[in-house]
Amino acid sequence: LAQADLDELVKSIASWPQYYLRILGRARAEGDAEANFRLAGDRAEATRQYLVSHGVADDRVQAEGVRPGGADSAAEVAFELVQRPF
């Protein structure tokens, strides 16, 4: 994600106080599965830390890695808005 996209997300979350954000880090399926899972978690956590350092309350964001799926797995970060605390 681009820094500008994350900055826009910070603004959006501030205007939606009833929502919480789950950050899902994903990695490609090729290579060592455990290393990829750790990379996915690290990717999600780095995104969470960025959002918190820019004003999103720590208790409103949760980061987790997702185990790689099939061959078309992408290295990405996805977001889920939820309406209940973690």
Side-chain angles (χ1 to χ4, degrees):
L1 286 172
Q3 183 175 344
D5 293 331
L6 291 176
D7 292 341
E8 190 62 35
L9 183 57
V10 168
K11 292 177 193 173
S12 295
I13 291 297
S15 66
W16 302 329
Q18 73 276 23
Y19 289 101
Y20 297 81
L21 186 66
R22 180 174 292 122
I23 304 165
L24 305 170
R26 296 190 170 105
R28 298 188 189 284
E30 301 90 23
D32 182 276
E34 284 306 309
N36 286 344
F37 180 61
R38 285 190 304 274
L39 176 62
D42 291 347
R43 181 174 283 130
E45 180 59 24
T47 303
R48 187 192 73 77
Q49 288 179 10
Y50 182 91
L51 296 176
V52 169
S53 72
H54 285 78
V56 177
D58 186 56
D59 65 342
R60 293 187 61 209
V61 289
Q62 178 185 51
E64 60 186 75
V66 176
R67 293 207 175 269
D72 62 345
S73 295
E76 65 183 8
V77 175
F79 301 94
E80 292 179 353
L81 282 176
V82 295
Q83 288 187 308
R84 57 180 166 65
F86 303 111

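Both backbone and side-chain heavy atoms feed into the values below; hydrogens, waters and symmetry mates do not.
Here Gln62 contributes atom CD and Leu24 contributes atom CG; the two are 8.5 Å apart, rounded to the nearest 0.5 Å. In this structure, CD on Gln49 lies 9.5 Å from CG on Asp58, to the nearest 0.5 angstrom. Atom CG of Leu39 is separated from atom CG of Asp32 by 11.0 Å, given to the nearest 0.5 angstrom. Rounded to the nearest 0.5 angstrom, Lys11 NZ and Glu8 CD are separated by 5.0 Å.
In this structure Leu21 satisfies the side-chain contact (heavy atoms from CB on, under 4.5 Å) test together with Leu9, Ile13, Ile23, Leu51, Val61, Phe79, Leu81, sequence neighbours excluded. With sequence neighbours left out, Arg22 forms a salt bridge (Lys or Arg N to Asp or Glu O under 4.0 Å) with Glu64, Glu80.
Ala14 and Pro17 make their closest contact through O-CD, 4.1 Å (heavy atoms, listed as atom of the first residue, atom of the second, distance). Between Ala27 and Asn36, the shortest heavy-atom distance links the atoms CB-O, 3.3 Å. Nearest heavy atoms, Arg60 versus Trp16: NH2-O, 2.7 Å. Nearest approach of Arg43 to Ala75, heavy atoms of both residues: NH1-CB, 3.8 Å.
Within the 4.5 Å cutoff, side-chain heavy atoms of Tyr19 are placed close to those of Gln83.
A distance-only check finds no donor-acceptor pair linking the side chain of Arg67 to the backbone of Phe37 [under 3.5 Å].
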